[in-house]
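Notes follow the structure.
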Amino acid sequence: MAVTGILLVLFLIAHMLGNLKIFTGATSFDHYAHWLRELGAPLLPNAGFLWIQRVGLLAAVLLHIWAATVLALRARAARPVRYAHRKKVRGSYAARTMRWGGVIILLFVIYHILDLTTGTLNPVGDPARPYANIVADFAPERWYVTAFYTLAIVALGFHLRHGVFSALRSLGQQTPRGEQRARAVALAFAVVLCAGYLVVPFAVLTGLVS
């Protein structure tokens, strides 16, 4: 669970930084996208690096879901009889968002692949024009795409906040002061990552990027 989570977080950071290059202009962004396709040449074929990355990410996601399922089943098996009266846990809200948030994120990933990877659902759908694909995707008349994107990113934020907090606690932040630090770091990381992802669609929606 932890290893796959770390791999996915590292990808999210790298992907966010790549997305922010859209503010450098169409030429620069398109050049960056084409560079990713040519990365590893001549040892790798065109887009070979991207396919290695996609397969690795798919494996990480599937293993992450599998690990979450196994942990949930183990927790249930450890206490087959529920508590008669159970006090509300302070972190229960964040923990619950991991479940529905994970489903929203999974649905969004599927849509995102069909939209900006294969171009099937994109108005432009031209792999040679990634900048144009993004601008067309989040155009004002397609506000519902931006709304769905926002929902998915907010769900991701909750997911990351709880996941990072749990990871820091597992790494030794067990004292009351350590718990406060873990909560602060997890919240800050989730907010920064969400802001980094949301700034792109809203920049297109408002005309800042066109």
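Note that the coordinates shown come from a computational prediction; the quantities given were computed from them, not determined experimentally.
When the side chains of ILVMFWY residues are joined at heavy-atom separations under 4.5 Å, either directly or via intervening members, Leu121 and Val145 end up in a single hydrophobic cluster. In the hydrophobic clustering of this structure, Met16 groups with Ile113; members are Ile, Leu, Val, Met, Phe, Trp, Tyr whose side-chain heavy atoms approach within less than 4.5 Å, directly or through other members. When hydrophobic clusters are built by joining Ile, Leu, Val, Met, Phe, Trp and Tyr residues whose side-chain heavy atoms come closer than 4.5 Å, directly or via intermediates, Leu17 is grouped together with Val209. In terms of hydrophobic clustering, with Ile, Leu, Val, Met, Phe, Trp and Tyr side chains grouped at heavy-atom distances under 4.5 Å, Tyr144 and Phe138 are assigned to a common cluster. In the hydrophobic clustering of this structure, Val204 does not group with Val124; members are Ile, Leu, Val, Met, Phe, Trp, Tyr whose side-chain heavy atoms approach within less than 4.5 Å, directly or through other members.
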List the steps and the verdict of side-chain contact (heavy atoms from CB on, under 4.5 Å) for Ile134 and Val200.
CA-CA 9 Å; Ile134 292 178; Val200 174; 4.2 Å; yes
Residues Ile13, Phe189; criterion side-chain contact (heavy atoms from CB on, under 4.5 Å); working and verdict:
CA-CA 10 Å; Ile13 294 172; Phe189 178 77; 3.9 Å; yes
Show your reasoning for whether side-chain contact (heavy atoms from CB on, under 4.5 Å) applies to Leu12 and Leu156.
CA-CA 10 Å; Leu12 287 170; Leu156 177 64; 4.0 Å; yes
Leu39 vs Leu44, side-chain contact (heavy atoms from CB on, under 4.5 Å): CA-CA, chis, key distance, verdict:
CA-CA 8 Å; Leu39 193 63; Leu44 296 175; over 6 Å; no
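If you run side chain to side chain donor-acceptor pair (under 3.5 Å) between Thr118 and each of Asn122, Thr120, Asp115, only Thr120 comes through.
Below 30°, between 30° and 60°, or above 60°: for Phe29 and Tyr32 the angle between ring planes is between 30° and 60°, a tilted geometry.
Atoms CG and CG, on Leu198 and Asn19 in that order, are 11.0 Å from each other to the nearest 0.5 Å. Here Leu36 contributes atom CG and His31 contributes atom NE2; the two are 10.5 Å apart, rounded to the nearest 0.5 Å. Note that OG1 of Thr146 and CG of Leu151 are 12.5 Å apart. Values are rounded to the nearest 0.5 Å. Separation of atoms NE2 (His159) and CD1 (Ile153) is listed at 12.5 Å; rounding is to 0.5 Å.
Taking each heavy atom of Cys194 and Gly157 in turn, the nearest pair found is SG-CA, 3.4 Å. The minimum heavy-atom distance linking Leu160 with Ala190 is given by the pair CB-CB, 4.5 Å.
For residues 134-144, the set of pairs meeting the salt bridge (Lys or Arg N to Asp or Glu O under 4.0 Å) definition, not counting sequence neighbours, comprises Asp137-Arg142. Applying the salt bridge (Lys or Arg N to Asp or Glu O under 4.0 Å) definition to pairs two or more places apart or across chains, none involves residues 20-46.
With contacts defined as side-chain heavy-atom distances shorter than 4.5 Å, the pair Phe23/Leu208 qualifies.
For Ser166, the side-chain contact (heavy atoms from CB on, under 4.5 Å) partners at least two apart in sequence or on another chain are His162. Residues passing the ring-ring contact (aromatic ring centres under 6.0 Å, His included) test with His112 are Phe108, sequence neighbours excluded. Checked against side-chain contact (heavy atoms from CB on, under 4.5 Å), Ala167 has no partners two or more places apart in sequence or in another chain.
At least one donor-acceptor pair closer than 3.5 Å links the side chain of Tyr131 to the backbone N or O of Ser210. Looking only at distances, no side-chain donor or acceptor of Thr117 sits under 3.5 Å from a matching main-chain atom of Leu114. The backbone N or O of Tyr149 sits nowhere less than 3.5 Å from a side-chain atom of Tyr197 that would complete a donor-acceptor pair.
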In a table with atom names and distances, give each donor-acceptor pair under 3.5 Å that connects a side chain of residues 46-60 to protein atoms at least two apart or in another chain.
none

